[in-house]
Amino acid sequence: MPMYEYRCEACEKNMEIVQKFSDEPLKDCPECGSTKFAKVPSFSSSFTLKGTGWYVTDYKKSSPPKSES
């Protein structure tokens, strides 16, 4: 499931929240209950797959074998 960043303008808290793609965006701040709570653009460049079956080397290109001279 993707992680979304939210910011509350009332209490000035930034939060990362895991939600399904189909979930509605949150409207109330879990910290203070304010309705000034909204998603913010995420600029993180890391993408991580977790769980069984995902390995770093799965799609890594292998280099051709070196020939001996």
Going hydrophobic residue to hydrophobic residue with side-chain gaps under 4.5 angstrom, can you get from Val40 over to Phe21?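 In one cluster with Val40: Phe21, no.
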
Near Lys36 NZ, under 6.0 Å, is it more than 12 heavy atoms from other residues, nucleotides or ligands?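 Counting neighbours around NZ of Lys36, 12 or fewer heavy atoms of other residues, nucleotides or ligands fall under 6.0 Å, so no.
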
Least distance between heavy atoms, [X] atom then [Y] atom:
X: Cys29; Y: Met15; answer: SG-CE, 3.6 Å
X: Cys11; Y: Glu31; answer: SG-CB, 4.3 Å
X: Phe37; Y: Cys8; answer: CD1-CB, 3.7 Å

For the atom pair [atom1] ([X]) and [atom2] ([Y]), what is the distance rounded to the nearest 0.5 Å?
X: Glu5; Y: Asn14; atom1: CD; atom2: CG; value: 7.5 Å
X: Tyr4; Y: Ile17; atom1: OH; atom2: CD1; value: 11.5 Å
X: Cys32; Y: Glu9; atom1: SG; atom2: CD; value: 10.5 Å

Under the criterion side-chain contact (heavy atoms from CB on, under 4.5 Å), I'd like the reasoning laid out for Leu26 against Gln19: C-alpha separation, chi angles, the key distance, then a yes or no. CA-CA 10 Å; Leu26 299 177; Gln19 291 182 292; 3.7 Å; yes

